[in-house]
Amino acid sequence: MKELNNRLFISGESIQELYNWYSKKTLIVNRLYQRKLVWTLNEKQKLIDTISRDYPIPLFLLAEMSDGKNEIIDGMQRFSSIFHFIENDFSFNGKFFDLETLATTNTLKKEGILVQKEPILDREICTKIANYKLAISIYKKDNNEIINDIFSRINSYGKKLSRQEIRQVGTTEEFPELVKSIAVKIRGDVSHSNILELNKMKNISIDMEDGTNNTIR
């Protein structure tokens, strides 16, 4: 890990290692500014194709929390796509990730938590994907206002979030919070907290037939 200053670090972490972070529930999502899972199946498969070809993908930005967990500032859709592919949620070129490639997924398979789907992708390709290194920037979190500001700045460039979604970043006024609370209860979300483990994001994102997700908050 390379230290750029006393609060910002850059490292390269393999997908295999990051999946271990994911399975240990150390990757966190703050729903005050993060939207739900919105990538289509085609977008997810293109990402896996990019990784399988050893092409570069954009840097991921995390904020290190006081409890040692990491809050995802930028890269939630990509993280989720990669981990869901590993867990056999979708195929790549018509084939599914070999769960025996990773010690963690192999254990989960033996415990009946993950089920291997077929046909199975060639082990060599699965190993290549597992060993692919992602560029990670980790910012030592001082307070929520700074993280909200960073997220807003990242999403001020290009067409990433809608204006309404950006306006909601860090919104803590009484009425918006009441609306969010009511929506959570109506949907029956798995958690009423704004802080949610990345593992649980798909439980509050409704998959559509074409692989897209319902983005209503």
Side-chain angles (χ1 to χ4, degrees), residues 1-39 44 47-48 50-51 56-87 89 102-105 107-108 113-114 129-155 160-161 165-166 168-172 189-205 213 217:
M1 182 178 291
K2 181 178 180 181
E3 181 177 351
L4 299 185
N5 55 52
N6 62 353
R7 288 193 294 185
L8 185 62
F9 300 82
I10 299 291
S11 70
E13 301 289 346
S14 70
I15 286 177
Q16 179 172 222
E17 177 59 28
L18 288 164
Y19 181 78
N20 289 336
W21 293 14
Y22 173 76
S23 64
K24 292 176 182 176
K25 302 179 180 180
T26 61
L27 291 175
I28 302 299
V29 174
N30 190 330
R31 294 168 63 196
L32 277 176
Y33 56 81
Q34 290 282 11
R35 57 184 171 179
K36 293 184 180 180
L37 303 180
V38 298
W39 274 23
K44 296 174 187 177
L47 175 63
I48 301 303
T50 297
I51 292 172
I57 62 176
L59 176 135
F60 293 75
L61 182 55
L62 307 177
E64 185 180 289
M65 303 171 70
S66 59
D67 60 2
K69 294 183 179 181
N70 290 293
E71 183 178 313
I72 302 170
I73 301 177
D74 190 48
M76 183 187 73
Q77 305 293 335
R78 287 173 288 148
F79 268 142
S80 295
S81 298
I82 293 168
F83 301 148
H84 293 171
F85 167 68
I86 287 175
E87 293 187 338
D89 280 6
L102 305 182
T104 303
T105 51
T107 297
L108 293 174
I113 296 173
L114 293 180
I129 291 172
N131 290 332
Y132 182 96
K133 286 199 171 184
L134 303 178
I136 308 290
S137 175
I138 301 178
Y139 183 83
K140 286 188 175 294
K141 182 175 180 178
D142 286 340
N143 58 66
N144 289 332
E145 288 185 7
I146 292 178
I147 300 304
N148 291 341
D149 187 33
I150 292 172
F151 184 84
S152 295
R153 289 167 185 263
I154 289 172
N155 286 284
K160 294 185 179 181
L161 296 184
E165 287 173 319
I166 292 176
Q168 290 187 35
V169 173
T171 300
T172 56
D189 285 359
V190 295
S191 172
H192 291 188
S193 171
N194 286 320
I195 303 298
L196 190 65
E197 295 155 0
L198 179 60
N199 312 58
K200 295 180 179 177
M201 281 301 295
K202 63 182 177 182
N203 294 334
I204 63 167
S205 301
N213 293 284
R217 289 180 176 271

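A donor atom on one side chain and an acceptor atom on the other are not found under 3.5 Å apart for N131 and S14. A donor and an acceptor atom, one from each side chain of Q16 and Y132, are nowhere located under 3.5 Å apart.
The minimum heavy-atom distance linking L59 with D74 is given by the pair O-OD2, 4.2 Å. Looking at every heavy atom in both residues, M76 comes nearest to M201 through SD-CE, 4.0 Å. Of all heavy-atom pairs spanning Q77 and S81, the tightest one is O-OG, 2.8 Å. In plain terms, the two heavy atoms of I48 and I82 that are nearest each other are CD1-CA, 4.2 Å.
Between F79 and F60, the distance separating the two ring centers is shorter than 6.0 angstrom.
Rounding to the nearest 0.5 angstrom, the gap separating the CD1 atom in I73 from the CG atom in L61 is 4.0 Å. One finds the CG atom of N30 at 11.0 Å from the CD1 atom of I72 (value rounded to the nearest 0.5 Å). Taking NZ of K133 as the reference point, atom CD1 of I57 lies at 14.0 Å (rounded to 0.5 Å). Rounding to the nearest 0.5 Å places CG of L198 at 12.5 Å from CH2 of W21. One distance of note links CG of N70 with CD1 of I136; it measures 9.0 Å at 0.5 Å rounding. Rounding to the nearest 0.5 angstrom, the gap separating the NZ atom in K140 from the OG atom in S66 is 11.0 Å.
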Exercise for the section: Go through the steps to decide whether F83 and N199 satisfy the test side chain to side chain contact (heavy atoms under 4.5 Å, CB included), and finish with yes or no. Expected result: CA-CA 9 Å; F83 301 148; N199 312 58; over 6 Å; no

Problem - Verdict with supporting geometry, I28 and E197, side chain to side chain contact (heavy atoms under 4.5 Å, CB included) - result: CA-CA 5 Å; I28 302 299; E197 295 155 0; 4.0 Å; yes

Practice task
Using the side chain to side chain contact (heavy atoms under 4.5 Å, CB included) rule, take T104 and Y22 through it: C-alpha gap first, then chi angles, then the decisive distance, then the call.
Solution key: CA-CA 11 Å; T104 303; Y22 173 76; over 6 Å; no

Exercise for the section: Show your working on side chain to side chain contact (heavy atoms under 4.5 Å, CB included) between W39 and L47 and close with a plain yes or no. Expected result: CA-CA 10 Å; W39 274 23; L47 175 63; 3.8 Å; yes

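Applying the side-chain hydrogen bond (donor to acceptor under 3.5 Å, both in side chains) test to D89 and every residue at least two apart in sequence or in another chain returns K202.
Side-chain contact between I15 and I86 is present, with at least one heavy-atom pair separated by less than 4.5 Å. Two residues are said to be in side-chain contact when any heavy atoms from C-beta on lie closer than 4.5 Å; L62 and Y139 fail this criterion. Side chains of E87 and Y19 form a contact here, defined as non-hydrogen atoms less than 4.5 Å apart.
Under the 3.5 Å distance criterion, the side-chain polar atoms of R78 are matched with a main-chain donor or acceptor of P58.
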